[in-house]
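In what follows, chains are A, B, ... by sequence order, proteins preceding strands, each numbered from 1.
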Amino acid sequence: MILRGAMAVLGKDARCELRSKQAISAVLLFAVTSTIAVSFTLGSIGSERAIASVLLWVVLYFSAMAGLGRSFAHEEETYTAGLLRLTVPAEGVYVGKLAFNFLTLVAVEVVTVPLFVLLTDLRIGRVGVFVAVLLLGSLALSAGATTAAAMVSRAASKGALFAGVSFPLLAPALGIAIAGTSAALGPPPHASAGTDVRLLAYYCGVVITASLLLFRYIWEE
Amino acid sequence: MTGVRISNLTHHFDGRVVFRALDFAYEGASLAITGPNGSGKSTLLRVLSGLLTPEQGEAALLVDARPVRPEEVRCAVGMAAPDIRLYSDLTARENLRFVLRARGLADVERLATEAIERVDLTERGDDMVGELSSGLRQRAALAAAIAHNPRILLLDEPSSNLDEPGIRMLYGIIESQRERGLVVIATNESKEAALASERLDLGARP
Amino acid sequence: MGRVDKGSVFPIWLQALVVLELAAVAVATFLWVPPAPGFASPVWARLIVFHVPCAMIAVTAYIVSTVYAVLCLTRRDMDADVKSAASASLGLLFTVLATATGMVFAKMEWGTAWNWDPRETSILMLLIVYVAYLALRASIPNAAKRARISAAYNILACLVMPFFVFVLPRLSPGLHPNKASLSPEYGMALGAAMLGYLAIYVWIFRFVVRAREASRSS
């Protein structure tokens, strides 16, 4: 039941988004311009692993902050949240919204990561690990951001509060993702990158499980 | 046998008392909740549907003489209210598909088409809800409430925005719901309230 | 609206004892405890008698806050919510004090006020969690919703904390000294200060809880 509800929410959000293009256009614009700004000011930093991974994740993190904060606020403002509460179990709402936010972030990455690699002449040592850290890091950001968005959905100034509330939840994942990306950019073997992938997986597990258990309390009237 | 059971219901809103130790029991197929604006009609429907948890006491819907459990509400109850709106970026049909799929029902297309026909929305069923007039949006909301053929239908001011044919359609839905199970109508319209076999008047309380 | 009787939170004799004890600790720290060898600025090293207890109580206050948050959700208990928020407010105060004293000490001892040492970073994160928690609370007018959402946030932030253990060591090797190198007078002063600050925490906590419950029931 939860899964069916989640898929219904995902389908509904996808269809609405494809028509209004509200979230994706804002995020994409921000992500692309930030990527270009970062690459422009630094030039070719392909060999500077630490700087490159920090900058990449800073762009992705702020893109998430720009685009994922409104997932629930819009529902409350247009009074469609009641319909959601009546038809989908709370956990299904969380999973559906999480899936949508994750796919949005991945869509942004499909455009910006190649752009970043191109503009900074980035050399990736272990592509598989690089992609794994990217995907798991994005899942981690989406998981925390989705829960935070639900928490601030009724607040007045949602943007600033959302970013502030998200930061403590996402900071560890951000740190691990940056470290993992930095390790993945280097030549093999790099033992620490595997650890980072595992850590991100655990982090996602903890945050998603805790959010599923707590979501009922956050979402109900 | 369907009914409603309210015991010791107490709730505040913004510091004001909405209910204070309200007790009420009803057995039957149609109940009207009446009272002036602000008397708590909408709040009572929200508590009955499980959308709102009261501070104290409970308000339960009864089916086959036992209360509907929270997990069962999703499929057993349908609700239409002014603050429960459909998605404006989707068509009426797509909204119906969503609520039917979310409830885990099969045969989504047939149920959606049936619901659209029952509310006489067939010609505009594939237009964006955001482009519909308020009357047609009300019909679409009714369709979403009845599409899964619930045992219990909760209606909050259902005739608002409806034209003459729309009101006749609404009364037809209320009639058929009485045969299927239970319909609870929160309204100020005396004609609508008269459709019910019993009335709970929230305005009479001090 | 009931007036809160301060005397009922802590008996007068205990209040006097706590104040005297803390005064004694302050005096002892500067007059009796000898300057610590091995520190760049032995005089300023005495600041740790204030810094360490503040930091430990800041963390304790957070754990207390999280425990009450769990109680609030599992028992739907609004009293637990009042306590959770009170502990968080106090925790914020102690965190600010710990960060401030830490920064002064760092400046004196190592030359720069901030170094991204693991402990420094953790206290900063704790500060941010407290501020975010209180800001979240302030944004929700409905009392029941505020209790549930802030409790959920509290618990989530707590669950995410352990992951910092893996992130922090990579930022900087760590500057915080090993405390075994201090003279026994420091141990006594630290222990006494710890007790005193703990008493202050409990005192203010009970006072705040009593005041908020009085205003809630009026």
Starting from the C-alpha separation in whole Å, work towards a yes-or-no answer on side-chain contact (heavy atoms from CB on, under 4.5 Å) for V207(A) and V160(C). CA-CA 7 Å; V207(A) 172; V160(C) 152; 3.9 Å; yes

When you look at Y217(A) and R76(C), which way does the side-chain contact (heavy atoms from CB on, under 4.5 Å) test go after all the steps? CA-CA 10 Å; Y217(A) 298 104; R76(C) 298 210 171 241; 4.0 Å; yes

Mind ranking I218(A), T147(A), L169(A), I178(A) by heavy-atom pairs under 4.5 Å with chain C and telling me who comes out on top? L169(A)

Nearest heavy-atom contact between Y203(A) and F163(C) is CA-CZ, 3.4 Å

Over all atoms of both residues, closest heavy-atom pair of P168(A) and Y153(C): CG-OH, 3.3 Å

Could you check whether atom CE of M7(A) has more than 12 heavy atoms from other residues, nucleotides or ligands sitting under 6.0 Å from it? no

Is any side-chain N of the basic residue among K145(C) and E220(A) closer than 4.0 Å to the acidic one's carboxylate O? no

Locate the shortest heavy-atom distance separating A132(C) from G164(A); write the atom from each residue and the value. CB-O, 3.8 Å

May I ask you to check whether over 12 heavy atoms, not counting those of L3(A), lie within 6.0 Å of atom CG? no

Answer yes or no: does atom CE of M78(C) have more than 12 heavy-atom neighbours from other residues, nucleotides or ligands under 6.0 Å? yes

Give, for atom CD1 of I155(C) and atom OG of S211(A), the distance between the pair rounded to the nearest 0.5 Å. 11.5 Å

Measure V165(A) against the heavy atoms of chain C and call it side chain, backbone, both or neither at under 4.5 Å. both

So how far is it from R148(C) CZ to R216(A) CZ, rounded to the nearest 0.5 Å? 10.0 Å

Evaluate whether atom CZ of F30(A) has more than 12 neighbouring non-hydrogen atoms of other residues, nucleotides or ligands under 6.0 angstrom away. yes

At a 4.5 Å cut-off on heavy atoms, which part of Y202(A) comes close to chain C: side chain, backbone, both, or neither? both

Minimum heavy-atom separation for A171(A) to M125(C), with atom names? CB-CE, 3.9 Å

Kindly determine whether L214(A) and L73(C) satisfy side-chain contact (heavy atoms from CB on, under 4.5 Å), including the steps that lead there. CA-CA 9 Å; L214(A) 293 168; L73(C) 287 186; 3.6 Å; yes

